[in-house]
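Fair warning: this is a prediction, and the values are worked out from it, not measured in the lab.
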Amino acid sequence: MTQDVKEIFAGGVPPAPAALAAKVRTLAPSMTRSMQRVAEAVAGDPAGCAALTVTGLAELTGTSEATVVRTARLLGYPGYRDLRLALAGLAAQQQSGRAPAVTADIAVDDPIADVVAKLAYDEQQTLADTAAALDTAQLGAAVAAIAAARRVDIYGVGASGLVAQDLVQKLMRIGVMAHAHSDPHLAVTGAVQLRAKDVAIAITHSGSTGDVIEPLRVAFEHGATTVAVTGRPSGPVTQYADHVLTTSAARESELRPAAMSSRTSQLLVVDCLFVGVAQRTYETAAPALSASYEALAHRHSPRTGR
């Protein structure tokens with residue numbers, strides 16, 4: 001278990017039973033292989049594992065008692081006893097009449113109606129996982145920094161770059177000076193200009209995208225408040241982030257690349273940032289939003305002639 005992950009989840013409130021599976025999916029890439037076996041076992045069969053002692057679960061997963069305890073703590077529980085209680089609660093929820101889980105694996109010959117149903121289910125699961133794993137204290141701190149910022153620079157490439165642009169256009173509508181940088185050279189030269197009153201946000205699902213990490217590092221070293229939106233809470237990007245907002249780990253398949261799931265997760269996080277900032281700056285945000293609507297209204301009116 002890495003020190004970064006320890007620090008992110010140390011001292012937090014144990015997750016509710018329903019959040020356990022989401023935590024497993026989010027943190028599994030950061031775990032050792034033996035810890036992954038424990039996490040996958042408890043998420044896959046909560047009722048069966050709830051009936052096991054720490055020794056029994058260690059034997060079932062081919063690991064050690066120490067590994068089981070470390071996994072429980074990484075998932076947010078003080079010890080294995082607390083994890084067993086959560087597993088029992090999750091098992092009870094699953095037995096209370098909920099519909100069986102749907103797989104979102106899309107086959108090449110699936111009817112289009114099945115594609116719609118599977119994608120809709122997976123999008124819903126991604127949003128639920130992200131909401132369950134999102135640290136609201138970190139989110140609130142990031143919102144406060146953005147609301148008070150002189151300038152906000154946002155970095156992202158590929159699909160994450162589209163999310164960065166989405167956040168910029170939202171913030172601009174409420175009067176926050178924001179810029180999205182997809183060009184790594186411009187991102188770094190812009191980061192050099194940032195200071196303590198500014199905010200830099202890096203959006204990277206992998207947490208290891210060099211073109212995003214480099215400008216965040218520069219902004220961090222120049223005193224700006226830095227935020228990482230990432231699916232890997234132990235990834236390299238977090239060492240330069242004052243605040244880490246964890247997105248759901250993507251469930252990838254042949255016809256559904258990881259960028260699709262991560263984009264959905266990231267959009268939820270940036271929407272939360274935007275609404276939080278709008279709430280904090282309502283006296284100025286509301287008039288700015290009204291002015292932007294008014295300025296664009298004529299573009300949405302039906303044309304009366306040619």
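- The shortest distance between side-chain heavy atoms of Tyr77 and Leu85 does not fall below 4.5 Å.
- Results of the side chain to side chain contact (heavy atoms under 4.5 Å, CB included) test with Cys49 over Val68, Leu83, Val42, Thr61 single out Val42 as the only residue that passes.
- Side-chain atoms of Val199 and Asp153, non-hydrogen and from C-beta on, never get closer than 4.5 Å to each other.
- Between Thr230 and Thr246, every side-chain heavy-atom pair lies at or beyond the 4.5 Å cut-off.
- Although no hydrogens or angles enter the test, the distance criterion places a donor-acceptor pair under 3.5 Å between the side chain of Thr32 and the main chain of Met35.
- For the residue pair Leu216 and Ala200, the shortest heavy atom distance occurs at CD1-O, 3.7 Å.
- Between Ile203 and Tyr155, the closest side-chain pair of non-hydrogen atoms is not below 4.5 Å.
- Annotation: the span from Ser64 atom OG to Glu59 atom CD amounts to 11.5 Å, rounded to 0.5 Å.
- When side chains are defined from C-beta on, Val229 does not count as touching Val244, because their heavy atoms never get closer than 4.5 Å.
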Derivation and outcome, side-chain contact (heavy atoms from CB on, under 4.5 Å), residues Leu245 and Asp135:
CA-CA 7 Å; Leu245 305 178; Asp135 187 326; 5.8 Å; no
Report the C-alpha distance between Arg84 and Asp82 in whole Å, list the side-chain angles of each, state the deciding distance to 0.1 Å, and finish with yes or no for salt bridge (Lys or Arg N to Asp or Glu O under 4.0 Å).
CA-CA 5 Å; Arg84 284 184 73 182; Asp82 304 275; over 6 Å; no
Report the C-alpha separation of Leu75 and Thr71 in whole Å, then their side-chain angles, then the decisive distance to 0.1 Å, and conclude whether the side-chain contact (heavy atoms from CB on, under 4.5 Å) test is met.
CA-CA 6 Å; Leu75 292 173; Thr71 305; 4.1 Å; yes
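- Closest approach of Lys170 and Phe274 over heavy atoms only: O-CE1, 3.2 Å.
- Going from atom CZ of Arg173 over to atom CG of Leu289 covers 6.0 Å, rounded to the nearest 0.5 Å.
- Other members of a hydrophobic cluster containing Met177 are absent, since no ILVMFWY side chain comes under 4.5 Å of it, directly or through relayed contacts.
- Scanning all heavy atoms of the two residues, the minimum distance from Ala58 to Glu65 falls at CB-N, 3.7 Å.
- Nearest heavy-atom pair across His205 and Ser160 is N-OG, 4.1 Å.
- Checked for salt-bridge contact, Arg37 and Glu40 miss the test: no charged N lies under 4.0 Å from a carboxylate O.
- In the hydrophobic clustering of ILVMFWY residues, with side-chain heavy atoms under 4.5 Å counting as a link, Leu119 and Val116 come out apart.
- A donor-acceptor pair shorter than 3.5 Å can be found between the side chains of Thr226 and Asp242.
- Between Thr225 and His243 there is a side-chain heavy-atom pair separated by less than 4.5 Å.
- Taken from OG1 in Thr204 to CG in Asp211, the straight-line distance is 10.0 Å, to the nearest 0.5 Å.
- Hydrophobic clustering (ILVMFWY, side-chain heavy atoms < 4.5 Å, transitive): Leu60 and Leu87 are in one cluster.
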Could you check Leu52 against Tyr80 for side-chain contact (heavy atoms from CB on, under 4.5 Å), going step by step and ending with a plain yes or no?
CA-CA 10 Å; Leu52 296 174; Tyr80 180 62; 4.2 Å; yes
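- Checked by atom type and distance alone, the side chain of Thr209 never pairs as donor or acceptor with a backbone atom of Val212 at under 3.5 Å.
- Lys197 has its side chain out of reach of Arg151: every pair of non-hydrogen atoms, C-beta onward, lies at least 4.5 Å apart.
- When atom types are taken as modelled, the side chain of Thr281 and the backbone of Thr284 share no donor-acceptor pair closer than 3.5 angstrom.
- A donor-acceptor pair under 3.5 Å links the side-chain atoms of Thr189 to the main chain of His185, judged by distance alone.
- Partners of Gln165 under the side chain to side chain donor-acceptor pair (under 3.5 Å) rule, at least two apart in sequence or in another chain, do not exist in this structure.
- Across Pro46 and Gly44, no two heavy atoms sit closer than the pair CD-C, 3.6 Å.
- Residue Arg81 places its CZ atom among 12 or fewer non-hydrogen atoms of other residues, nucleotides or ligands, all under 6.0 Å distant.
- In the hydrophobic clustering of ILVMFWY residues, with side-chain heavy atoms under 4.5 Å counting as a link, Val275 and Leu134 come out together.
- Checking Ser265 against Ser262 by side-chain atom types alone, no donor-acceptor pair falls below 3.5 Å.
- When side chains are defined from C-beta on, Ile154 counts as touching Val152, because their heavy atoms get closer than 4.5 Å.
- Following chains of ILVMFWY side-chain contacts shorter than 4.5 Å, one can reach Val163 starting from Met172, so the two form part of one hydrophobic cluster.
- Formation of a donor-acceptor pair under 3.5 Å by the Arg195 side chain with backbone atoms of Val192 is found in this model.
- Contact detail for Gly210 and Pro215: the closest heavy-atom pair is O-CD, 4.4 Å.
- A donor-acceptor pair is defined here as one N or O able to donate and one able to accept, closer than 3.5 Å; such a pair exists between the side chain of Thr126 and the backbone of Asp122.
- When hydrophobic clusters are built by joining Ile, Leu, Val, Met, Phe, Trp and Tyr residues whose side-chain heavy atoms come closer than 4.5 Å, directly or via intermediates, Val168 is not grouped with Val157.
- The OG1 atom of Thr130 sits 10.0 Å away from atom CD of Gln125, with the distance rounded to the nearest 0.5 Å.
- Arg263 and Gln266 form no side-chain donor-acceptor contact under 3.5 Å, judged by distance and modelled atom types alone.
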